[in-house]
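Structure first, commentary second.
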Amino acid sequence: MWLGVLTLLPEMFAAVTQEGVFARALSAGSLSLECFNPRDFTEDKHRTVDDRPYGGGPGMVMMVEPLQRALDAAKAKAPKGTQVILMSPQGQRFDQQMAITASQHAGLILICGRYEGIDERFVSQYVDSEWSVGDYVLSGGELPAMTVMDAISRHLPGTLGNQRSVIDESHLDGTLDYPHYTRPEIVGAQVVPSQLMSGDHNRTKRYRRALALQRTLERRPDLLTGRLFDPLDRQLLTAAALQLGPHTVEEEREKKQDH
Ligand code: 4H7
C-alpha cells in the first residue's frame, strides 16, 4: 500500500516510521510512505502557507495554492484510484472496519490541517472524505493521521508477525478485548484467574469470551445493540446481564435522583 501525507510538519512522522508495526511494514515493503510539505510548494520569499480569514476572527487559514500543488505532486506518485482524506474534527468517526477497508486499497492520501483550518474551496474540490479519530479538537491533523496509519498498517500482509489472525482482537468482532495476565502468578493480593491456569483450552476460551462480553455490556453496551449472537454468547451475555442488572438499574435511579 502507498501512503501519501500532506503536512507542514513531516518530522512528526518519525514517531511511526522509526519503530513499531508501521515501521516494520515499511521495512517489509508492504507499505511505503511519502510526505509532501505544502511549504515546499510556495513561491514567495517567506514560503507563506497561511493567510487571515475572510470575515475576520482569530488565527490563520491554510491557503489553497500550496495545498493544491502539494496534492498534485502526491497524486503524480499515487496509484490509480487513490482516495484523498482530510483528517478533521468534522469528519466521519474512524473505526476498525474503516481501517480494514482502507488496508485493502492501493493508495491513500491523508491531509493534515494546521492553524484554524483549511480554505473550504480546497476541501470541496479535492477531498473525497473527512475522517475524525474522536470528538476532540487537536492543534493539527498529524496525530490523527498517524493513528489512522497505525491502525491500517496492522492489517497489511506480513505485518502482524505470523499473521496471527487478528480475529481474536478487540473490536474486530464488535466486542472489547478480554483481560490479559502473565507471570508472576501472584501480584500482591491478586492472583491469575484459575480458569486460565487449568490448561483446559475450552475452559480458557469460554472464560475469555465471557469476560469480553461482560466488559462490553458493562462499558460499551452500544456495541451490542442490534447484533445477533450464537447460543453460547447469548448464555454468557444473559449471565453477565443478570450480574449487572440491579447495578445499572440502581445507577439509573441515582442519576434520576441527582437531577
Ligand atoms: C481540519 C480542519 C482532526 C483539521 C481544522 C484534526 C482533531 C481531529 C484540523 C483543524 C484536528 C480529529 C486545526 C481545527 C487546529 C482546530 C485549533 C486539525 N483535530 N483544526 N484548530 N478529531 N485538527 O480527528
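Whatever order the structure lists ligands and atoms in, that order sets their numbers, starting from 1.
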If you look only at pairs with a residue in residues 89-110, which of them pass as a ring-ring contact (aromatic ring centres under 6.0 Å, His included), with sequence neighbours excluded? Phe94-Trp131
Would you tabulate the polar-atom pairs, meaning N/O of ligand 1 against N/O of the protein, with distances under 3.5 Å, reported to 0.1 Å?
from     : atom 1 : to     : atom 2 : distance (Å)
ligand 1 : 19 (N) : Leu138 : N      : 3.0
ligand 1 : 21 (N) : Tyr115 : O      : 3.2
ligand 1 : 22 (N) : Ser132 : OG     : 3.3
ligand 1 : 22 (N) : Gly134 : O      : 2.8
ligand 1 : 22 (N) : Tyr136 : O      : 3.1
ligand 1 : 23 (N) : Leu138 : O      : 3.1
ligand 1 : 24 (O) : Val133 : N      : 2.9

Sequence neighbours left out, what passes side-chain contact (heavy atoms from CB on, under 4.5 Å) with Leu33? Give chain and number order.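 Partners of Leu33 by the side-chain contact (heavy atoms from CB on, under 4.5 Å) criterion, ordered by chain and then number, come out as Leu3, Val5, Thr17, Phe22, Leu26, Met149.
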Enclosure of His180 NE2 (heavy-atom neighbours >12, cutoff 6.0 Å):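 Yes - once you tally the heavy atoms of other residues, nucleotides and ligands closer than 6.0 Å, there are more than 12.
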I need the full list of salt bridge (charged side-chain N to carboxylate O under 4.0 Å, His left out) pairs touching residues 87-114, with sequence neighbours left out, sorted by first then second residue.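 Found Arg93-Asp135, Arg114-Glu142.
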Set out, in order, the CA-CA distance, both residues' side-chain angles and the distance that settles salt bridge (Lys or Arg N to Asp or Glu O under 4.0 Å) for Asp200 and Arg206, then state yes or no. CA-CA 10 Å; Asp200 178 343; Arg206 186 186 157 92; over 6 Å; no
Can you tell if the side chain of Gln68 reaches within under 4.5 Å of the side chain of Phe41, non-hydrogen atoms only?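 Not in contact.
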